[in-house]
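Below, read A as the first sequence line, B as the second, and so on, with proteins coming before strands; counting in each chain starts at 1.
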Protein chains: 2
Amino acid sequence: MDDHTDQIRKPRADAVRNRERVLEAAKAVFNAGGPEASLEAVAKRAGVGIGTLYRHFPTREDLFEAVYRREVEQLSELAEQLKNAKDPVDALRRWLRSGVEFVATKKGMVAALALAVQSGSELHAFSFERLSKAIGSLLDRAAAAGAMRADVSPEDLLRAFFGMCYMHDQPGWQSSVLRMLDVFVDGLRVQPVVKAKARVAARPAKPAAKRKR
Amino acid sequence: MDDHTDQIRKPRADAVRNRERVLEAAKAVFNAGGPEASLEAVAKRAGVGIGTLYRHFPTREDLFEAVYRREVEQLSELAEQLKNAKDPVDALRRWLRSGVEFVATKKGMVAALALAVQSGSELHAFSFERLSKAIGSLLDRAAAAGAMRADVSPEDLLRAFFGMCYMHDQPGWQSSVLRMLDVFVDGLRVQPVVKAKARVAARPAKPAAKRKR
DNA sequence: GAAGATACGGAGGCAGCCTCCGCTTAACAA
DNA sequence: TTGTTAAGCGGAGGCTGCCTCCGTATCTTC
């Protein structure tokens, strides 16, 4: 909307450079020392003053956002691609598995997201919206095909996913999470009326809101 | 083992009193301000010096442990009771639901546990051991009865449970978690061979390690 | 080259962590 | 009771990290 107002000064070269340096330093420092690492350490590593860091990224979360936005986008794009897979349930499973790998690589991200969630920050809002949308279409497709229960929202799924990944620094977390996700996806499949027990009325028949067709 | 060594001085009355005061204050402060709340605030509220607080609880985790140990024990006892229920799967489901309620009440606990997990503290070790054991018997019973897949460890389950609850300060978390747990338990049931699709080889037939009979 | 906008850096105020040690007080013996 | 002494108390103080503010330096534009 203000893309081409009258005269726009070219951004200062040093500013651009510094921003980049800070980002790089932040990525390194956060990955090494967790998301609570000292911002002064980041500044020092970037070779800039603490004031400069704060000017570019007024809050810690702003810094997280800049560092991890791209990574969230990658995850989201992956879902986008899987949209075209044949078996939608399998696509979902594949996305979740990839997500786990992803988390395993970028250890910093989950912790940052967890922090972001608690503080209700931008990053959280952005990430959840982006990912929800991406996964939402997977879910919708699966539900529309009748291959999966339809009363589970993308947000639900994300919460569960990230929650499980949150334990990502315990010994066997990765295989554990994979196992749990498997169980979860199994539970997600629409089940034939195998159990004539009590839970009959528990699940509403209507597909809850945003069905595709 | 050193219950009656030669001469043991009776513990000082003021020390006992102060310990109690600090615990009470801590519970209040943590529940209100989260587990990162200032320890000096706790001391002030307890009406003791900061030094006293640190003498009784050298680390923040020690304080958490003392505050939340009892609560963990309650959860664990609940599982103990459910052991006698008829339907083991249902018992598990009930335990999980109670767990959610529990978390809803004692908001402090999950956050504290989450912190504890990351720092690999006592509290974490203790809690996980205690709860694992309690749930383990539920799982075993269910698996032995053939009502549930047997390749899921109590630790897995706990991780998943706490993970899901970790988002416990977002708007609709409670119903979301309940929904997810339902899905999860569904996935946990051993499924009849309803789907002759691809996933045939995915799950090994052998019940993985500790089967009951 | 000059002017003016923009960005830099770090001093400094504040808060919380944790330690240390001189003083107080409770428990026990006589 | 009173004296002795171990146990406990409290808060000053050193340290680290957060964040703001503003005098100074540097870049862009003309």
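- Using modelled atom types, one side-chain atom of A/S132 and one backbone atom of A/F128 make a donor-acceptor pair closer than 3.5 Å.
- In this structure, B/D14 places its CG atom 12 Å from C1' of D/dA6, rounding to the nearest Å.
- Regarding B/K44, its NZ atom lies at a distance of 15 Å from the C1' atom of C/dC17, rounded to whole Å.
- The pair A/R21-A/E24 does not meet the salt-bridge criterion, since no charged nitrogen lies less than 4.0 angstrom from a carboxylate oxygen.
- Looking at heavy-atom distances under 4.0 Å, B/P11 makes contact with sugar-phosphate atoms alone, never a base.
- Among the nucleotides D/dT5, C/dC17, D/dT20, the one closest to the side chain of A/Y54 is D/dT20.
- Protein atom CD of B/E36 is 13 Å distant from nucleotide atom P of D/dC18, rounded to whole Å.
- Between A/R60 and D/dC18, a side-chain N or O to OP1/OP2 separation shorter than 4.0 Å is present.
- Atom CD in B/E40 sits roughly 15 Å away from atom P in D/dG13 (whole-Å rounding).
- A donor-acceptor contact closer than 3.5 angstrom links the side chains of A/D62 and A/T59.
- Checking C/dC18, D/dT20, C/dC17 against the side-chain heavy atoms of B/I50 singles out C/dC18 as nearest.
- Each of B/R12 and B/G47 lies near DNA chain D, and the nucleotide nearest B/R12 is the one positioned closer to the 5' end.
- Base engagement by A/T52 is indicated by at least one non-hydrogen atom pair under 4.0 Å involving a base atom.
- Comment: A/E80 engages A/K83 in a salt bridge, judged by a side-chain N to carboxylate O separation of less than 4.0 angstrom.
- Side-chain atoms of B/N18 lie closest to D/dC9 of the nucleotides D/dC9, C/dA27, C/dC17.
- Atom P of nucleotide D/dC18 and atom CG of A/L39 are separated by 5 Å, given to the nearest angstrom.
- Each of B/R17 and B/G51 lies near DNA chain C, and the nucleotide nearest B/G51 is the one positioned closer to the 5' end.
- Classification of B/D182 and B/R97 as a salt-bridged pair holds, one side-chain N sitting under 4.0 Å from a carboxylate O.
- An OP1 or OP2 oxygen of D/dT16 is reached within less than 4.0 angstrom by no side-chain nitrogen or oxygen of A/S38.
- In this structure, the nucleotide among D/dC27, C/dG9, C/dC28 sitting nearest to the side chain of A/A13 is D/dC27.
- The side chain of A/H56 contributes no N or O atom lying less than 4.0 Å from OP1 or OP2 of C/dA7.
- Regarding A/R19, its CZ atom lies at a distance of 12 Å from the P atom of C/dA7, rounded to whole Å.
- The separation between A/K10 atom NZ and D/dC27 atom C1' is 10 Å, rounded to whole Å.
- Across the protein-nucleic acid pair, A/R55 atom CZ and C/dA5 atom C1' stand 13 Å apart, rounded to whole Å.
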